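Notes for the one structure printed next.
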Protein chains: 2
Amino acid sequence: MSPANFLNKNPKNNRRENLADRIYGQIKDMIFNFELLPGDFFSEADIAERFQASRTPVREALYRLRREQYVDVHFRSGWQVKPFDFQVFEELYDVRILLEEAAIDRLCAMTETPEPLQELRDFWLADASEWITDIRLSEKDREFHSQLVAAAGNREMHQIHRDISERIHIIRRLDFTKDYRIEATYEEHGAILEAIAHHRADHAKRLMAAHIAVSRDEVRKITIHMLQEARARHLDASNNDSNDLSQNS
Amino acid sequence: MSPANFLNKNPKNNRRENLADRIYGQIKDMIFNFELLPGDFFSEADIAERFQASRTPVREALYRLRREQYVDVHFRSGWQVKPFDFQVFEELYDVRILLEEAAIDRLCAMTETPEPLQELRDFWLADASEWITDIRLSEKDREFHSQLVAAAGNREMHQIHRDISERIHIIRRLDFTKDYRIEATYEEHGAILEAIAHHRADHAKRLMAAHIAVSRDEVRKITIHMLQEARARHLDASNNDSNDLSQNS
DNA sequence: GTGCTCTAACTTGTATACAAGACAGAGCAC
DNA sequence: GTGCTCTGTCTTGTATACAAGTTAGAGCAC
């Protein structure tokens with residue numbers, strides 16, 4: 001317990017390209033893109049071969065994904081993508097509402113509008129001719145909610161909110177395949193920002209809660225549909241393959 | 001990506017004694033007991049030797065602790081116990097208040113009292129002659145707040161609350177070295193439970209917010225004191241040792 | 001003493017080897 | 001066909017070897 005070397009210096013260059021980090025992101029992408037379906041089994045060697053790496057960084061990535069509730073490990077029996085549990089998503093949405101309402105309270109209590117909020121207004125209260133109408137709006141939507149919480153000033157709250165958003169992103173982004181949700185998103189975000197600007201906390205919170213609840217209900221339907229579709233596709237593509245598709249949720 | 005083996009079975013016996021898990025807990029204990037001080041540097045080999053294990057499970061434990069914000073890794077320059085950042089604790093306390101207030105709202109909205117709540121009443125509203133007055137009360141205090149949130153029924157909210165409590169536990173437990181806080185804890189917890197039982201949500205929330213805020217303020221003072229003490233002790237014990245104690249928070 | 005260069009000993013990141021349990025399926029008794 | 005045992009091959013958990021970068025400090029020029 002006596003390091004002889006790096007005694008009094010304050011080390012720097014903390015971040016560096018890291019194989020484990022890259023693989024972490026790639027596995028997550030596979031899950032998000034339904035290349036790995038909820039319920040699928042796979043092994044560390046599978047992933048290692050797929051990404052031309054050894055098991056070590058793969059294991060690091062998988063343990064991180066496990067901690068984040070995306071996968072499960074079974075003792076000497078392989079890994080499994082966690083089956084969807086819609087109850088969990090419901091609960092995450094509830095916590096999201098809670099956090100964003102708290103953020104609104106704090107923002108409305110401020111005497112002057114923080115800079116990030118003005119940027120949000122510029123984007124979401126823009127003329128309809130400038131609207132983004134494709135899948136990129138999904139990212140903008142995340143930013144809206146994330147920056148709103150960030151602007152409230154509690155970094156830990158912001159981090160928790162980011163983690164939650166990331167976990168439900170897998171289904172939330174599916175919300176933006178329907179045109180009327182695009183229009184509604186602009187309108188609702190705009191109204192929320194206006195309410196905050198006028199320090200009408202209760203009104204803003206009501207709008208936000210309704211906005212998130214609608215999003216949740218829409219997403220629920222779409223996801224079930226997507227899941228069935230993906231499962232059918234997968235079954236079809238692997239008729240003489242031995243992949244398992246058991247979905248036990 | 002085609003596992004040939006564990007196809008259609010639903011694996012069981014998930015949990016097993018795991019070296020990495022054990023080391024994870026032991027390192028965390030060392031941090032909590034100030035054997036590893038905030039700011040201390042150490043290497044994976046140090047820990048591995050200490051626990052008579054290889055670097056592999058040690059790394060797994062450390063990466064988990066890093067994700068939970070207890071330590072930092074510096075590229076090829078060793079690990080460091082994260083220096084205390086009291087701003088972070090303040091923010092965590094705020095989120096705790098938020099979550100517990102939300103739990104109170106949900107509990108007060110219920111028509112009948114959940115079973116766990118009755119157990120809490122049995123303990124905290126007991127006669128003073130049955131009070132626990134030593135360090136074990138710290139654990140009971142955690143349980144009070146944890147079970148309150150759990151009883152509200154949102155498992156994700158409960159998990160987040162548990163994570164937060166765990167992170168601030170390192171300083172929160174120091175609160176129970178003073179007798180008057182023991183008495184106050186019993187009184188305040190009792191009052192909160194009574195208010196919930198009578199569906200007085202606003203009153204219960206006020207009590208809870210005040211209760212947590214007092215705890216936070218007390219703990220802040222005590223921690224600074226403990227930290228100075230531990231640093232002095234550590235310096236004294238390692239005069240002809242080369243451990244580093246730089247505290248750069 | 002001051003500042004430079006070099007080096008040796010450390011560090012983490014990654015790959016690989018080995019240990020030990022889990023399981024599918026062959027073979028066999030019946 | 002049914003059910004048992006056995007075995008080979010798969011799995012993760014752990015230890016070790018190697019790669020590549022960092023740094024403290026010796027030695028030296030001045």
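Only a predicted model underlies this, so the values are computations on that prediction, with no experimental measurement involved. Values below: all heavy atoms of this structure, side chains included; hydrogens, waters and symmetry mates excluded. Letters A, B, ... mirror the listed sequences (proteins, then strands); counts begin at 1.
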Query raised in the report: Is the shortest heavy-atom distance from the side chain of A:L92 to the side chain of A:R167 under 4.5 Å?
Result: yes
Requested in this report: Mind checking ring-ring contact (aromatic ring centres under 6.0 Å, His included) for A:H161 and listing every partner two or more places apart, or none if nothing turns up?
Outcome: none
Query - A:S43 vs D:dT11: side-chain N/O to OP1/OP2 distance below 4.0 Å - result: yes
Query raised in the report: When the distance from CD of A:E60 to C1' of C:dG13 is rounded to whole Å, what number comes out?
Result: 8 Å
Query raised in the report: Is B:E101 salt-bridged to B:R96, cutoff N-O under 4.0 Å?
Result: no
Query raised in the report: Below 4.0 angstrom from OP1 or OP2 of C:dT14, is there any side-chain N or O of A:T56?
Result: no
Report task. Give a yes/no answer on whether the side chain of B:N18 brings an N or O atom under 4.0 Å of OP1 or OP2 in D:dT14. Result -> yes
**Report entry** Sub-6.0 Å ring centroid separation between B:F144 and B:F123
**Finding:** no
Query raised in the report: Which whole-number value in Å describes the distance from B:F41 CZ to C:dT12 C1'?
Result: 14 Å
Pull out every protein N or O sitting under 3.5 Å from an N or O of nucleotides 17-20 of chain C, one pair per line with the distance.
none

Report task. Could you tell me the separation between the CG atom of A:D21 and the C1' atom of C:dG13, rounded to a whole number of Å? Result -> 11 Å
Report summary line: Rounded to whole Å, the CD-P distance (B:E49 to D:dT16) equals 13 Å
Query - Centroid separation B:W79 to B:Y63 less than 6.0 Å - result: yes
Query raised in the report: So does B:R162 have more than 12 non-hydrogen atoms from other groups sitting under 6.0 Å from CZ?
Result: no
Query raised in the report: Whole Å only: how far is the CD atom of B:Q52 from the C1' atom of D:dT14?
Result: 14 Å
Query raised in the report: Are B:K28 and B:E166 side-chain neighbours, meaning at least one heavy-atom pair lies under 4.5 Å?
Result: yes
Query raised in the report: What integer distance in Å separates A:H74:NE2 from C:dC23:C1'?
Result: 14 Å
Query raised in the report: Could you state the CG-C1' distance from B:D72 to C:dT11, rounded to the nearest angstrom?
Result: 16 Å
Query - Spacing between B:F42 atom CZ and C:dT11 atom C1', to the nearest angstrom - result: 13 Å
**Report entry** Complementary nucleotide for D:dC30 - Watson-Crick or wobble, under 3.5 Å
**Finding:** C:dG1
Requested in this report: Take B:A45 and A:A53, find for each the nucleotide of DNA chain C with the closest heavy atom, and name the residue whose nucleotide sits nearer the 5' end.
Outcome: B:A45
